[in-house]
S.K.: 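Below: one structure in structure tokens.
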Amino acid sequence: MEQPTARHEFATVQWLLAHIQRTYAVSPEYLWARTPDFGAFRHPGCGKWFAVLMKGLPREKLGLAGGGVCDVLNVKCDPNLRGSVLDGRHFFPAYHMNKAHWVSVILDDELPRDTLRVLLDLSYQSLNPKKARSTGKPEKQTPRGASQDEEMVVY
């Protein structure tokens, strides 16, 4: 017997969509015809994904017994943090993504929203494009052993 997605999970997904729009000014892109409820969120600075929402993912895809579906968010996760995050209850090796750099998070009312905020921020920030070092002006360097008066201009 398949368990439908619980009403509280729907509320969590609605909150998540509103939070991402409000915080990062990004809406999901629904890219796949076979899974029209799966949406990717792109970082506006570099165009890479920082999160993927999968509404109605079969639980067995995460290795969970019992059938039914759940709503899941994939986020980028530092490989050094990944091991301490995975708990087999809310956090799993990423479904359909690089398991070394992504985790899957089951969205339900037991998962604190602050935890989601932090995970999203870390994922988003991991893709921040490096600020350009050049301001368009030549960079001044002082050669080794020279005084500040003997600066070189490097183009």
Side-chain angles (χ1 to χ4, degrees), residues 1-137 139 141 154:
M1 180 160 110
E2 187 167 296
Q3 302 169 352
T5 302
R7 185 168 181 77
H8 61 269
E9 290 175 358
F10 176 75
T12 301
V13 169
Q14 293 302 92
W15 173 86
L16 178 74
L17 291 168
H19 172 73
I20 291 173
Q21 176 63 49
R22 189 175 49 251
T23 306
Y24 310 107
V26 175
S27 296
E29 294 178 44
Y30 297 100
L31 303 169
W32 307 280
R34 291 181 62 193
T35 51
D37 289 333
F38 289 19
F41 297 89
R42 289 186 194 271
H43 190 292
C46 64
K48 292 183 178 184
W49 299 350
F50 68 93
V52 178
L53 175 62
M54 298 173 284
K55 295 187 276 185
L57 182 72
R59 292 172 51 84
E60 66 265 9
K61 298 290 186 183
L62 296 175
L64 296 171
V69 296
C70 54
D71 296 330
V72 173
L73 182 71
N74 279 353
V75 290
K76 290 187 70 68
C77 184
D78 184 303
N80 297 323
L81 242 150
R82 186 182 166 276
S84 61
V85 170
L86 301 179
D87 66 2
R89 183 169 181 218
H90 283 102
F91 303 96
F92 298 85
Y95 169 70
H96 210 58
M97 300 293 272
N98 181 327
K99 291 174 181 21
H101 297 279
W102 290 79
V103 294
S104 288
V105 182
I106 291 183
L107 302 172
D108 64 23
D109 64 349
E110 294 176 14
L111 182 68
R113 290 184 176 172
D114 284 344
T115 301
L116 276 176
R117 283 184 189 102
V118 168
L119 290 170
L120 280 165
D121 280 345
L122 290 172
S123 184
Y124 186 86
Q125 291 169 9
S126 75
L127 296 174
N128 265 343
K130 305 258 189 254
K131 290 186 178 178
R133 286 183 53 186
S134 176
T135 60
K137 297 178 183 175
E139 184 179 327
Q141 295 180 348
V154 180

S.K.: Less than 4.5 Å apart, any side-chain heavy atom of Val26 and any of Pro44?
M.R.: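 The answer is yes; the side chains approach within 4.5 Å.
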
S.K.: Could you tell me which residues satisfy salt bridge (Lys or Arg N to Asp or Glu O under 4.0 Å) with Arg117, sequence neighbours excluded, listed by chain and number?
M.R.: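 Per chain and number, Arg117 pairs via salt bridge (Lys or Arg N to Asp or Glu O under 4.0 Å) with Asp114.
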
S.K.: Do Tyr24 side-chain atoms and Arg42 backbone N/O form a donor-acceptor pair below 3.5 Å?
M.R.: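 No, Tyr24 side chain to Arg42 backbone: no donor-acceptor pair under 3.5 Å.
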
S.K.: Once ring pair (Phe, Tyr, Trp, His ring centres under 6.0 Å) is applied, do any residues pair with Phe41, and if so which ones, sequence neighbours excluded?
M.R.: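 With sequence neighbours excluded, Phe41 shows a ring pair (Phe, Tyr, Trp, His ring centres under 6.0 Å) to no residue whatsoever.
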
S.K.: Would you check if Tyr30 and Pro36 make a side-chain contact, meaning some heavy-atom pair closer than 4.5 Å?
M.R.: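 In short, these two side chains do not touch, never coming nearer than 4.5 Å.
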
S.K.: At what distance, to the nearest 0.5 angstrom, does CD1 of Ile106 lie from CG of Leu57?
M.R.: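 One gets 8.5 Å once the value is rounded to the nearest 0.5 Å.
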
S.K.: If every non-hydrogen atom of Gly67 is compared with every non-hydrogen atom of Arg59, which pair is closest and at what distance?
M.R.: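 Looks like O-CD, 2.8 Å.
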
S.K.: Testing the basics here: between Leu17 and Pro28, what is the closest heavy-atom pair and its distance to 0.1 Å?
M.R.: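 Closest approach of Leu17 to Pro28: CD2-CG, 3.9 Å.
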
S.K.: So, do Leu127 and Trp49 sit near enough that their side-chain heavy atoms are less than 4.5 Å apart?
M.R.: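 Not touching, per the 4.5 Å side-chain cut-off.
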
S.K.: Not counting sequence neighbours, which residues clear side-chain hydrogen bond (donor to acceptor under 3.5 Å, both in side chains) with Thr35? List them please.
M.R.: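 Per chain and number, Thr35 pairs via side-chain hydrogen bond (donor to acceptor under 3.5 Å, both in side chains) with no residue.
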
S.K.: Would you check if His19 and Leu120 make a side-chain contact, meaning some heavy-atom pair closer than 4.5 Å?
M.R.: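 Yes, close enough: below the 4.5 Å cut-off.
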
S.K.: With rounding to the nearest 0.5 angstrom, report the CG to CZ distance, Asp71 to Phe38.
M.R.: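 Interatomic distance, Asp71 CG to Phe38 CZ, rounded to 0.5 Å: 9.5 Å.
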
S.K.: Does any non-hydrogen side-chain atom of Cys70 lie less than 4.5 Å from one of Leu62?
M.R.: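 Yes, side chains in contact.
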
S.K.: Could you tell me whether a side-chain N or O of Asn74 sits under 3.5 Å from a main-chain N or O of Ala51, the two making a donor and an acceptor?
M.R.: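 No, because the side chain of Asn74 does not come within donor-acceptor range (under 3.5 Å) of the backbone of Ala51.
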
S.K.: Apply side chain to side chain contact (heavy atoms under 4.5 Å, CB included) to residues Asp108 and Leu111 and explain how you reach the verdict.
M.R.: CA-CA 6 Å; Asp108 64 23; Leu111 182 68; 4.1 Å; yes

S.K.: Measuring from atom CE of Met54 to atom CG of Leu73, what distance do you get when rounded to the nearest 0.5 angstrom?
M.R.: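 It is 7.5 Å, given to the nearest 0.5 Å.
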
S.K.: Find the distance between CG (Leu53) and CD1 (Ile20) and round it off to the nearest 0.5 Å.
M.R.: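 Between atom CG of Leu53 and atom CD1 of Ile20 there are 7.5 Å.
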
S.K.: How many angstroms lie between CD in Glu110 and OG1 in Thr12, if you round to the nearest 0.5 Å?
M.R.: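 The distance works out to 10.0 Å.
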
S.K.: Working to the nearest 0.5 angstrom, can you tell me the gap between Gln125 CD and Asp78 CG?
M.R.: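 Separation between the atoms: 12.5 Å.
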
S.K.: Any non-hydrogen side-chain atom of Thr115 less than 4.5 Å from a side-chain atom of Val105?
M.R.: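 Heavy-atom side-chain distance check fails, nothing below 4.5 Å.
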
